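See structure below.
All values derive from a computational prediction rather than experimental measurement.
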Amino acid sequence: MDERNAAHLAVVLAGLREHGLLLMADQRLPSVATLVAGAPVRGSWWGHPSGHAIYAVATRLEALPEVASAKLVSGKDTWIHRRLWPALVGVEAARQPWQLDDRSTLARQLLAVVARAGAARVGEIDELRHFGGRALGQAARELERALLVYGESVHTAAGAHAKRLRTWERWAEDAGIVEERRSAAEGQRQLEDALARLNERFGAHGRLPWPATQ
C-alpha cells in the first residue's frame, strides 16, 4: 500500500474506532468511500476517480483483526468494530422470525448446508451446484441480508475470488468472542443505540434489519 492510501486507511480506521459502525458508501452516514474521496460519492464508488484507492483501503481494512463486516445498516455493506462484535453475534445467531420468514427455498437449502458444515464456499457445494452460480450467489446474498450467515470473499488457489459463508457460531469461535456474546435483545439495543447516535449526528435515517425494540 502506498503512502497516500496508508494515510487514508489510518483516517478510515480512526473513524471506525470512533463510531463503531462505518458503511462502505453512503450519502450521509460515515463511510469508507466518503473518508477516502473527501466527500460523499454519488452513484457507484467503483466509477469514482478515487475508486481504486477506496478499494485498496477497504481490502486492507477487511484484513484487520478488529474489523468485521455485514450487511447491517440499510442493507448495505457495513464495517463493525470489535467492541460491537458480541452484540452483533447475539443478534445474528438468534435465528429470529424476521431472519427466517420469507426465505426462498434455495436460501433455506444453502443455510442448511452451512449450518451442517459450519462453513462452505458457495461454488463448491456439490449438492447445490446444479442450481448454477448466479442463483447460488443470489441465495447467499439473501442469507447475508437476513444476517443468517457471515459472508466473506476469499481467494482460491487459482487466484479467483469465491464467496465463503460461515455460521455466526463458527465465526464467533474463530474470532474468540464466544464467552462475550450478548443476548439477542441486549445486542439489538446496543446496535440500535450506536446507529441512533450516528443518525442524530449526521442527519441520517439509517436502519437496522429487525423491528425496532425502542
Side-chain angles (χ1 to χ4, degrees), residues 15-34 40 67-115 118-119 122 135-152 163 165-173 175 177-214:
L16 179 60
R17 287 170 174 168
E18 177 186 359
H19 302 305
L21 302 171
L22 196 67
L23 277 74
M24 184 63 197
D26 194 79
Q27 291 298 301
R28 290 184 179 271
L29 289 169
S31 73
V32 174
T34 296
V67 181
S69 64
K71 295 188 183 299
L72 182 64
V73 177
S74 302
K76 298 179 178 182
D77 292 327
T78 307
W79 306 100
I80 302 103
H81 188 264
R82 196 190 191 285
R83 70 175 181 270
L84 291 175
W85 290 3
L88 184 71
V89 175
V91 171
E92 298 179 350
R95 299 287 183 90
Q96 299 177 80
W98 64 265
Q99 294 173 283
L100 295 170
D101 290 348
D102 302 321
R103 298 281 72 82
S104 68
T105 299
L106 181 54
R108 291 179 183 277
Q109 290 178 283
L110 179 56
L111 179 61
V113 171
V114 176
V122 174
L136 284 170
Q138 290 175 339
R141 289 189 291 274
E142 182 181 342
L143 296 180
E144 289 182 272
R145 287 193 297 270
L147 307 182
L148 286 165
V149 295
Y150 185 85
E152 58 199 327
K163 174 70 74 173
L165 304 179
R166 280 185 279 176
T167 63
W168 283 99
E169 291 84 354
R170 170 68 67 84
W171 183 84
E173 182 179 345
I177 59 169
V178 174
E179 298 302 322
E180 303 173 52
R181 174 175 162 180
R182 305 285 188 268
S183 68
E186 184 180 359
Q188 284 176 294
R189 284 193 297 270
Q190 189 173 350
L191 290 167
E192 286 170 2
D193 287 346
L195 181 57
R197 288 192 293 270
L198 290 179
N199 280 336
E200 181 176 4
R201 178 174 174 181
F202 294 96
H205 301 282
R207 63 190 186 280
L208 294 165
W210 55 82
T213 59
Q214 298 178 344

Separation between CH2 of W168 and CD1 of I177, rounded to the nearest 0.5 Å = 8.5 Å
Return yes when atom CG of D102 has more than 12 non-hydrogen atoms of other residues, nucleotides or ligands closer than 6.0 Å, and no otherwise.
-> no
Separation between CD of E18 and CG of L198, rounded to the nearest 0.5 Å | 8.5 Å
When rounded to the nearest 0.5 angstrom, what is the spacing between CD in E144 and CD in E92?
-> 10.5 Å
Identify the two heavy atoms, one from R82 and one from A175, that lie closest to each other, and give their separation to 0.1 Å.
-> NH2-O, 3.5 Å
Got L22 and V67 here, is their nearest side-chain heavy-atom distance under 4.5 Å?
-> no
Would you please name every residue forming a ring-ring contact (aromatic ring centres under 6.0 Å, His included) with W85, sequence neighbours left out?
-> W171
R182 (side chain) donor-acceptor with V91 (main chain) under 3.5 angstrom = no
Which atom names give the shortest non-hydrogen contact between V122 and G137, and what distance separates them?
-> CG1-N, 4.5 Å
At their closest point, which heavy atom of L148 faces which heavy atom of Q99, and how far apart are they?
-> CD1-O, 3.5 Å
What distance separates R141 CZ from K71 NZ, expressed to the nearest 0.5 Å?
-> 8.0 Å
Mind listing the closest non-hydrogen atom pair of R108 and R103 along with its distance?
-> NE-O, 3.4 Å
Do V89 and Y150 come close enough that some side-chain heavy atom pair is under 4.5 Å?
-> no
Verify side chain to side chain contact (heavy atoms under 4.5 Å, CB included) between F202 and D26, making sure each step is shown before the conclusion.
-> CA-CA 11 Å; F202 294 96; D26 194 79; over 6 Å; no
Can you check side chain to side chain contact (heavy atoms under 4.5 Å, CB included) on E142 and L110, steps first, answer last?
-> CA-CA 10 Å; E142 182 181 342; L110 179 56; over 6 Å; no
Heavy-atom closest contact (Q96 atom, A184 atom, distance) = NE2-CB, 4.0 Å
Drop me the distance from L88's CG to S69's OG, to the nearest 0.5 angstrom.
-> 9.5 Å
Which distance, rounded to the nearest 0.5 Å, do you find between the CG of L21 and the CG of L191?
-> 6.5 Å
Evaluate side chain to side chain contact (heavy atoms under 4.5 Å, CB included) for L23 paired with L72, printing each intermediate quantity in order.
-> CA-CA 9 Å; L23 277 74; L72 182 64; over 6 Å; no
Non-hydrogen atoms of R28 and G203 that approach each other most closely = CD-O, 3.1 Å
Applying ring-ring contact (aromatic ring centres under 6.0 Å, His included), name anything that partners H81, two or more places apart in sequence or on another chain.
-> none
Any side-chain heavy atom of K163 within less than 4.5 Å of one from V149?
-> no
